[in-house]
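For this chain, numbers begin at 1 and follow the sequence in order. A quick note: this is a predicted structure, and the numbers were derived from the prediction, not measured.
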Amino acid sequence: MEERMIIVSQVKSNRSEFMVWQVSINNEQLGMQHCTSPLKALRYCFILKKQMGVKIAPETIEYLQKEIAKLKEAEEKKKVAECVEMEESSASVRQFKDLKAKHPDALLLFREEDFYTAYSQDAEEMSEILGIVITKKGRRNTASFPQHALDTYLPKLVAAGKRIAICEPSTEAAA
């Protein structure tokens with residue numbers, strides 16, 4: 001007679017497109033559970049082991065540990081990317097706020113690569129005057145137009161009574 005073992009396999013959920021971890025004893029329906037993460041699957045394996053006195057297949061533990069490590073690594077990469085984005089945006093936001101405090105009546109256009117970009121309330125004003133789309137960069141509104149269109153858009157902004165300041169991103173904001 002074959003020894004009963006707790007095994008885990010990754011399957012597609014019937015209810016969604018997500019993969020789930022199926023925990024069972026020799027693929028029997030008794031005690032079968034679908035878990036949304038490898039950590040939950042591992043915990044359930046130990047619960048089954050304790051309640052039913054069944055061994056966990058060694059390859060199952062190995063497999064789940066690898067899956068947990070992959071998820072932790074992906075989570076760390078995501079956190080690092082979020083930190084970099086926050087640092088970049090905070091430097092440009094600081095520069096925008098500093099310049100806006102010194103020149104509250106000016107519409108600030110930042111030259112970024114091949115575009116001129118306005119932020120926050122300046123983006124909203126520029127969007128209204130020029131009829132261009134507002135987008136989000138992080139949590140703030142931005143509106144941009146290509147550098148080659150400056151000769152077209154600048155007269156329209158001035159005609160609308162706006163004082164324009166063209167800004168170069170600081171080395172801290174650009175880094």
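- Shown here are the side-chain contact (heavy atoms from CB on, under 4.5 Å) partners of Q147, two or more places apart in sequence or in another chain: R111, D114, Y116.
- Counting side-chain heavy-atom gaps under 4.5 Å among Ile, Leu, Val, Met, Phe, Trp and Tyr, the cluster of L108 also holds F96, L99, F110, Y119.
- The existence of a salt bridge linking E73 and K77 is confirmed by a sub-4.0 Å separation between a basic side-chain nitrogen and an acidic carboxylate oxygen.
- Looking at T117, its side chain never comes within 3.5 Å of a backbone N or O of A143 through a donor-acceptor pair.
- Taking a cutoff of 4.0 Å between a charged side-chain nitrogen and a carboxylate oxygen, E67 and K70 qualify as a salt bridge.
- The local environment of CD in Q121 is crowded, with over 12 non-hydrogen atoms from other residues, nucleotides or ligands closer than 6.0 Å.
- In this structure, I61 is a member of the same hydrophobic cluster as M52, with clusters built from ILVMFWY side-chain heavy atoms closer than 4.5 Å.
- Between the side chain of K100 and the backbone N or O of A106 there is at least one donor-acceptor pair closer than 3.5 Å.
- The backbone N or O of I7 sits nowhere less than 3.5 Å from a side-chain atom of E59 that would complete a donor-acceptor pair.
- The nearest pair of heavy atoms linking C45 to V8 is SG-CG2, 3.5 Å.
- Looking at heavy atoms from C-beta onward, L71 lies out of side-chain contact with L39 at the 4.5 angstrom threshold.
- With hydrogens and angles disregarded, no donor-acceptor distance shorter than 3.5 Å links the side chain of N141 to the backbone of S120.
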